[in-house]
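Note that these values count all heavy atoms, side chains included, but never hydrogens, waters or copies made by symmetry. Please read these numbers as outputs of a predicted model, since none were measured by experiment. Each chain gets a letter, A, B and so on, in the order the sequences are listed, and its residues count up from 1.
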Amino acid sequence: MNLKRKDLLGIEELTVEEINLILDTALPMKDIVQRDIKKVPTLRGRSVVNLFYEPSTRTRTSFELAGKFMSADTVNIATSSSSVAKGETLKDTAKTIEVMGADVVVLRHGMPGAARILAETISSHIINAGDGAHEHPTQALLDLFTIREEKGRIAGLTVTLVGDIVHSRVVRSNILALTKLGASVRLVGPPTLMPYGIEDMGVEVYYSLEEALKDSDVVMALRIQKERQQRGLFPSLREYSRLYGLTEEKLSWAKEDCLLMHPGPINRGVELSSPLADGISSLINRQVTNGVAVRMAILFLLIGGGKSDITA
Amino acid sequence: MTLLLKGGRIIDPANNLDKIGDILIDQGKIAAVGDTVEPTENMQILDVKGMIVTPGLIDMHVHLREPGQEYKETIESGVKAAIAGGFTAVCPMPNTLPVMGTHSIVSYVKNKGHALGLAKVFPIAAITKESQGKELAEMADLLDAGAVAFSDDGMPVMNPAIMRRAFEYAKPLAVPLISHSEDKHLAEDGVMHEGLMSTKLGLKGIPAAAEEVAVARDLLLAETTGGRLHLAHISTARSVEMVREAKKRGINVTAEATPHHFTLTDAAVVDYNTNTKVNPPLRIAKDREAVIEGLRDGTIDAIATDHAPHAIEDKDVEYDSAPFGLIGLETALPLVVSKLIDSGKLSWAQAIAALSTNPARILNLAGGTLSVSSAADITVINPELVQMVDSSKFASKAKNTPFEGWTLKGWAEYTMVDGIVVYRRQKEEE
């Protein structure tokens with residue numbers, strides 16, 4: 001079984017069946033990642049180009065390893081080392097990569113809709129690895145995978161996202177993914193970090209951390225970027241942390257078995273206290289492993305032959 | 001040689017005229033209007049039965065890009081687009097390079113337009129030097145050069161003290177200040193209307209308040225100075241409401257709206273088509289409806305396109321990177337017919353008033369009427385012609401229309417300037 005689509009641009013376009021197919025396919029992929037010899041021939045002769053217009057270590061490395069573990073040839077292009085720096089347009093760069101024989105282009109770009117432009121321009125499969133504040137579907141899928149692994153289910157859970165909602169592509173993809181799979185989603189943060197009309201996306205908006213955390217099964221803390229303060233969106237990191245920074249004490253407002261997550265990297269002492277950051281480090285590491293597995297599943301479902309034995 | 005337009009439905013809101021009849025044109029001027037004229041030997045006859053004959057349409061808000069950005073549009077390609085769209089006059093905004101804020105550039109644009117003998121070109125000059133919002137431009141001299149109004153358009157005067165002085169200084173000149181009302185501080189680096197759609201798409205929003213705060217400011221300044229204000233392209237329900245209320249209070253204000261704001265909403269942005277990126281941005285349904293209601297009840301006086309040509313390479317980029325603006329000269333009339341007249345929102349007389357009579361009145365132009373002895377600037381509209389919008393056939397250099405592929409009804413058949421047929425619609429090839 002394959003994904004019957006050329007591209008993975010966002011969670012918005014995925015059906016529940018497709019999301020479950022990706023999550024189910026990621027299970028055997030995780031076994032491969034955990035083996036001593038992490039190599040299967042599934043994607044031998046296929047090529048994956050990571051085209052990254054924004055700095056990223058985790059996502060890029062995760063895609064690179066996902067490709068390599070399945071024997072695809074992977075290439076990384078970062079803006080500083082390509083003709084993008086000379087002013088070439090996204091479309092022209094993409095066309096060049098296409099004719100070089102890229103089967104898949106993984107795009108990270110600072111502007112919303114960039115992955116869509118690529119998908120409409122070239123015949124290679126496009127995977128959106130983050131387009132501005134729009135979507136970051138593979139991050140949401142790996143979050144779902146991790147939640148399902150820890151909690152055994154998604155439906156019926158109350159998941160609370162804390163912090164910088166307005167600038168976060170992870171939030172948008174997670175809202176779409178979680179609500180599609182039947183979870184209740186709460187958002188909490190200062191009103192200045194809440195995008196206009198977000199409650200119409202089927203979520204509950206809170207400004208009080210205590211109220212938002214009550215009865216939460218999963219809490220996802222979002223990274224606070226320091227430049228947001230310079231734009232006047234909140235008075236200081238100190239005040240932010242006082243209101244919305246998670247500590248062990250504040251986390252006790254949530255359910256006892258609440259799962260704390262963070263997409264990383266963490267600003268210690270801002271969105272998470274140091275003890276909490278230490279406490280979830282093993283989970284964050286598991287999320288990273290799961291990220292590779294989920295991306296292997298997506299690559300396989302987009303360009304795998306369908307007949308190949310992935311456990312070979 | 002005289003020209004006889006025979007058997008059309010003549011609609012001239014300036015004279016409260018709506019009847020089937022003839023128009024006789026002699027030496028570039030209207031010699032007779034309304035009654036049946038018996039043809040004589042030396043008359044050229046144009047059969048316009050089934051057509052609507054109106055005073056030439058006037059687009060009081062366009063960008064012709066010359067001088068400075070001729071790769072986007074030139075005065076020539078711009079006025080050719082105008083006549084193809086049924087417009088006999090256009091008013092280019094001053095955001096040329098350099099800014100149209102000196103005598104020489106205003107007269108360059110005016111003279112170049114005049115020399116072409118197509119649509120008439122009435123320049124709008126800058127309010128402040130270089131449109132920098134700091135010092136007033138030499139308004140009296142700019143009027144002598146041929147300017148018909150003042151505006152800093154897309155670089156609105158942010159400092160209210162300067163705007164106040166501009167209103168005061170322009171009073172004896174008896175021309176309006178045209179305000180693109182936008183508080184740039186509130187708009188920040190937004191690229192579309194702030195709402196659920198911008199949130200979903202992850203695009204930075206421009207709040208409705210960025211326009212409304214500036215409309216309120218401009219109305220208050222016009223009121224306290226007694227100056228004359230024309231609001232460009234108002235786009236929100238609250239703006240329309242404020243203008244309605246201001247007019248009731250007797251403030252000297254007029255307003256325009258664009259075809260894209262009465263036709264589209266922010267839903268059109270959904271696939272990141274950069275031809276939907278425009279400032280003010282496409283709003284939501286309630287705003288669109290308020291703009292239509294404003295046109296219906298006369299709160300909004302004029303329909304203007306804000307024709308903003310850009311080259312393919314300017315627009316064929318990420319949404320954030322694309323410049324604001326879309327072209328409108330060649331789709332305005334069929335949008336008015338299809339979206340306002342056909343749906344019963346406006347009568348023909350109301351529509352023609354907004355497209356011709358009122359722009360002429362606001363800018364003190366000679367046109368906008370079919371009165372005897374006025375210049376024979378006339379638009380003949382085929383109200384039943386249904387055609388698809390095909391930008392490859394546009395006379396404009398630019399193709400940045402969000403209406404590509406739309407099927408619209410009611411297109412210009414003939415455009416006449418000073419009694420000369422400067423545009424005649426070619427029959428569609430079968």
Side-chain angles (χ1 to χ4, degrees), chain A residues 9-13 53-54 84 87-95 107 109-121 128 130-137 164-173 175-176 179 187 192-203 205 231-233, chain B residues 183-212 236 238 265-277 281-287 310-324 402 404-405:
Chain A
L9 303 183
I11 300 291
E12 170 131 50
E13 69 211 29
Y53 283 74
E54 279 186 341
V84 169
E88 191 176 55
T89 67
L90 174 60
K91 281 193 175 181
D92 287 342
T93 303
K95 283 177 191 156
L107 179 74
H109 197 286
M111 295 181 188
R116 193 187 169 102
I117 293 178
L118 224 59
E120 288 167 357
T121 307
N128 181 5
D131 60 333
H134 179 221
E135 281 227 44
H136 190 357
D164 185 357
I165 308 295
V166 68
H167 298 97
S168 176
R169 50 190 168 219
V170 176
V171 166
R172 281 171 183 71
S173 289
I175 289 173
L176 292 163
T179 52
L187 308 175
T192 45
L193 293 179
M194 224 33 100
Y196 189 98
I198 190 98
E199 44 305 326
D200 292 336
M201 285 182 76
V203 299
V205 173
R231 286 198 51 207
L233 293 173
Chain B
D183 188 314
K184 293 281 185 191
H185 302 293
L186 274 171
E188 292 185 285
D189 49 354
V191 296
M192 69 175 290
H193 175 70
E194 181 182 81
L196 177 60
M197 189 54 78
S198 66
T199 291
K200 278 186 173 170
L201 294 175
L203 290 169
K204 184 135 196 314
I206 301 172
E211 173 176 318
E212 291 154 357
T236 79
R238 191 77 185 89
T265 65
D266 62 352
V269 186
V270 68
D271 57 0
Y272 297 95
N273 176 357
T274 55
N275 291 336
T276 63
K277 183 172 172 182
L282 301 174
R283 304 290 187 183
I284 58 176
K286 104 176 143 51
D287 297 311
H310 291 294
I312 302 275
E313 66 267 26
D314 298 330
K315 281 287 197 179
D316 196 16
V317 291
E318 303 85 347
Y319 205 86
D320 283 345
S321 309
F324 289 103
E404 184 73 45

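At a threshold of 4.0 Å, the pair B/Glu188-A/Arg231 counts as salt-bridged, since one of the basic side-chain nitrogens sits closer than that to a carboxylate oxygen.
Looking at A/Ile117, only its side chain comes within 4.5 Å of chain B, counting heavy atoms on both sides. Heavy atoms of B/Lys204 lying under 4.5 Å from chain A belong exclusively to its side chain. With a 4.5 Å cut-off on non-hydrogen atoms, A/Arg169 does not touch chain B at all.
With sequence neighbours left out, the side chain to side chain donor-acceptor pair (under 3.5 Å) criterion links A/Asp164 to A/His167, A/Arg228. Partners of A/Thr179 under the side chain to side chain donor-acceptor pair (under 3.5 Å) rule, at least two apart in sequence or in another chain, do not exist in this structure.
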How far apart are the C-alpha atoms of A/Asp92 and A/Thr89, what are their side-chain angles, what is the distance that settles it, and do they pass the side-chain hydrogen bond (donor to acceptor under 3.5 Å, both in side chains) test?
CA-CA 5 Å; A/Asp92 287 342; A/Thr89 67; 3.3 Å; yes
